[in-house]
Amino acid sequence: MQITPDLIKYLESLARITLTENEEKKVGTELQDILTYIDMLNELDTDGVEAMSHCFPLTNVLRSDDVNASMSPDEIVANAPESQDGAFVVPKTVE
């Protein structure tokens with residue numbers, strides 16, 4: 001793929017930025033270098049190489065999802081400094 005001035009203008013509009021002419025040339029050169037490098041990577045022989053998301057093995061350690069008895073509302077508010085009708089009473093923050 002070739003980076004053209006029209007493509008740079010299109011990318012500017014997508015990013016909602018405005019570049020000077022010198023910046024456009026610099027960005028065009030940098031993008032072309034990136035694409036050239038990617039093309040070089042595409043030439044590598046990857047047959048027989050297993051795809052992976054990490055370079056080292058990862059496994060998730062998950063706990064079992066067991067249903068346990070929960071606390072009653074009275075137990076929950078038992079240690080509250082102040083409660084009313086099963087709810088915590090807190091200072092008013094909005095007038």
Side-chain angles (χ1 to χ4, degrees):
M1 179 178 188
Q2 196 68 5
I3 302 296
T4 63
D6 291 336
L7 180 59
I8 298 294
K9 290 287 186 193
Y10 177 67
L11 294 174
E12 280 182 63
S13 67
L14 287 178
R16 296 183 179 165
I17 59 173
T18 304
L19 300 175
T20 64
E21 191 173 318
N22 289 338
E23 290 172 330
E24 287 176 2
K25 289 179 184 176
K26 182 179 178 186
V27 167
T29 303
E30 290 174 352
L31 287 174
Q32 191 62 55
D33 290 344
I34 292 168
L35 290 178
T36 303
Y37 183 72
I38 290 171
D39 285 340
M40 183 178 69
L41 291 175
N42 285 334
E43 293 174 6
L44 292 174
D45 180 23
T46 57
D47 292 338
V49 177
E50 184 180 342
M52 61 181 160
S53 61
H54 298 285
C55 61
F56 50 90
L58 285 179
T59 56
N60 287 335
V61 180
L62 303 173
R63 65 175 173 80
S64 60
D65 193 11
D66 298 328
V67 178
N68 298 319
S70 60
M71 297 170 62
S72 70
D74 291 334
E75 291 174 316
I76 293 172
V77 296
N79 291 324
E82 190 175 349
S83 64
Q84 179 181 4
D85 300 326
F88 295 104
V89 176
V90 297
K92 188 174 182 179
T93 58
V94 178
E95 297 283 334

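Numbers for residues simply follow the sequence, beginning at 1.
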Please check: side-chain N/O of Ser83 versus main-chain N/O of Gly86, any donor-acceptor pairing under 3.5 Å? no
Heavy-atom neighbours of Met52 CE exceed 12 at 6.0 Å: no
Residue pairs, two or more places apart or on separate chains, that pass side chain to side chain donor-acceptor pair (under 3.5 Å) and touch residues 11-21: Thr20-Glu23
Leu62: side-chain contact (heavy atoms from CB on, under 4.5 Å) partners, not counting sequence neighbours: Asn60
Between Leu31 and Leu35, is the side-chain contact (heavy atoms from CB on, under 4.5 Å) condition met? List the steps. CA-CA 6 Å; Leu31 287 174; Leu35 290 178; 5.6 Å; no
Could you measure the distance from the CG atom of Leu7 to the CG atom of Leu11? Nearest 0.5 Å is fine. 4.5 Å
When clusters are formed from ILVMFWY side-chain contacts under 4.5 Å, directly or step by step, what else is grouped with Val61? none
Check for me, please, whether Ile38 and Leu44 land in the same ILVMFWY cluster - side-chain distances under 4.5 Å, paths through other members count. no
Backbone of Val89 reached by a side-chain donor or acceptor of Glu82 within 3.5 Å: no
Quick one: salt bridge (charged side-chain N to carboxylate O under 4.0 Å, His left out) pairs with a partner in residues 29-57, sequence neighbours left out? none
Residues which pass salt bridge (Lys or Arg N to Asp or Glu O under 4.0 Å) with Lys26, listed by chain and number, not counting sequence neighbours: none
Can you name the side-chain contact (heavy atoms from CB on, under 4.5 Å) partners of Ile76, sequence neighbours left out? Met71, Phe88
Could you walk me through whether Asp66 and Ser64 satisfy the side chain to side chain donor-acceptor pair (under 3.5 Å) test, starting with their C-alpha distance in whole Å, then the side-chain angles of each, then the deciding distance to 0.1 Å, before giving a yes or no? CA-CA 6 Å; Asp66 298 328; Ser64 60; 3.0 Å; yes
Treat each ILVMFWY residue as a node, draw an edge where side-chain heavy atoms are under 4.5 Å apart, and state whether Ile34 and Met40 are in one component. no
Check the hydrophobic clustering (I, L, V, M, F, W, Y; side-chain heavy atoms under 4.5 Å; chains of links allowed) and say if Leu14 and Ile3 are grouped together. yes
